[in-house]
Amino acid sequence: MIALQRGLLGINRRTRIGAVIASLFAVFAVLFGSTGAMAAPLAPATTSVTAGTSNAAAAAVVVTSADGKNYVIGTDTTFAPFEFRDSSGEMTGIDMDLIRAIAEDQGFTVEIRSLGFNAALQALSSNQVDGVIAGMSITDERKKIYDFSEPYFESGVQMAIAQNDTEITGYESLKGKTVVAKTGSEGETYAKSIAEQYGFTVQSLDQSATMYESVKSGNAVAVFDDYPVLAYGIAQGNGLKTVTDKVPGGSYGFAVNKGQNPELLAAFNDGLAKMKADGSYQALLDKYLAEPKNTSGGSFFDLLGQSLPALMKGLGNTLLVTGISFIFAMILGLIFGFMKISQNIVLRGIATTFVNIFRGTPLLVWAFFFYFGIPQITGQPVSIWVAGVLTLALNSGAYVAEIVRGGIQSVDPGQLEAARSLGLGYGKSMQRVVVPQAFKIMTPSLINQLIIMLKDSSLLLAIGFAELLYQAQQIYAANFRVTEVLIIVAVIYFIAIFLLTKLANYADRKYNR
């Protein structure tokens, strides 16, 4: 900190001007870059296929083979039985088995990234992944943005209610009620299409398990979902029952960006056709749909034993990303904190702008911008760890800057004057007298900010970062024991934060006596 203060006090005029210009460019990049990030995906790297082009025509532009290539595939592992994690944490389900079988047959390899449905589509649009397989319905709107494979599953929609509900018998019973459906699903589309006719309200949620809990808790009276997903969940004991017949829905397809990776699409279609011809495709469906096995049984302690390895991995990621981010947040906070008390109006303006931008905007906006927006602007993928650290560090850095400013200004001005009267220069007076006292004042607030950052890291699950809460979602998406899993997670968070607080307070007492 002393070295930092010396550097800030000793910079010459030319260096200051350069820093100001560089900082202004950075601010403009943030302000105007985010607009561009949301505008549209990057231009396709290969010959594009128009919206009305058929799959056969799309295959006609193939000039290379998928053989020997590696593709990154985005998915949503909270959509059992199509994609979910088993008790060992491995991604499994119809979609997972299908893409792996086709990859093996066609001679390419896949790296599957579990992101969540909406995040997977964002990742595809920003070229973070090459394709998406996630129980994705083929619609005319989506065809304008993506190229789809031949359908690999014909879906349908059913309505389910709580197992002990005797009032809701069909759509006619829904008048004045609230139902839930999964965002972007066939269930949501169908529910909204009949909502006015039957007089009910549709609330869209991101996960099947969350929807089912909403119905069981009474926040909604019914759920509209794809029939195989409902059937699998009921077999796992999710506490629901179906009360309507299946309504024919759309078709599921594998998607790539329009005009990109045509060889991957052709390989998927060829592999799918072979599996249908030799019977392995039907065997795959029967494995998950014919008689789904109940894998959610066992006591609470059985659940704890099965879940702990994945949750500990998530906790490790949470602590690591928090620790790295806090280091960078401290650096940023010290720099901009000292700039805020500078007598230079330009430096104060830059620091104030930084604080206002990152303290005045939601953390999730920056997570999506860094992970999905920057690749659209630059054409280069961004590591999810880099995106996570940038998000947490910049957000917390703005708060730390205010803590630093407040701590320094809280020191009695007479302390600085007394030091100066003893012959110490301004820099030495700040380093030896003001800053040590300010740091003692700041310490409790910095500890509090560290705790807040650890909890804020849970928001990174929105971009698929495998932190603690993300791992919990993967677990209860497969076994539907939401309440029990969340209780375990809450206890883990409490213990981690309690121990971290004790450690920070010990350091405070030891070094700030």
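Just the heavy atoms: all of them, side chains too, but no hydrogens, waters or symmetry mates, feed the values below.
Note on residues 381-391: no pairs pass side-chain hydrogen bond (donor to acceptor under 3.5 Å, both in side chains), not counting sequence neighbours. Listed by first then second residue, pairs satisfying salt bridge (charged side-chain N to carboxylate O under 4.0 Å, His left out) with a partner in residues 183-202 read E188-K192, not counting sequence neighbours.
Using a 4.0 Å cut-off between charged side-chain N and carboxylate O, D270 and K274 make a salt bridge. By the 4.0 Å N-to-carboxylate-O rule, K175 lies too far from E172 to be salt-bridged with it. Salt-bridge formation is detected for the pair D76/K182: a Lys NZ or Arg NE/NH1/NH2 atom is positioned less than 4.0 Å from an Asp or Glu carboxylate oxygen.
For the side-chain contact (heavy atoms from CB on, under 4.5 Å) with Y212, the lone residue among V180, L205, V482, L230 that qualifies is L230.
With hydrogens and angles left out, the side-chain atoms of T109 and N70 include a donor and acceptor closer than 3.5 Å. Y470 and S114 share a donor-acceptor pair across their side chains, judged by distance under 3.5 Å alone. Donor-acceptor pairing under 3.5 Å is lacking for the side chains of Q306 and D302.
For E167, the side chain to side chain contact (heavy atoms under 4.5 Å, CB included) partners two or more places apart in sequence, or in a different chain, are D165.
Both tests do not hold together for K177 against F200: distance to the six-membered ring centre under 6.0 Å, angle to the ring axis within 45°.
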Checking S396 against Q449 for the side-chain hydrogen bond (donor to acceptor under 3.5 Å, both in side chains) test, could you report, in this order, the C-alpha distance in whole Å, the side-chain angles of both residues, the deciding distance, and whether it holds?
CA-CA 7 Å; S396 291; Q449 186 58 40; 3.2 Å; yes
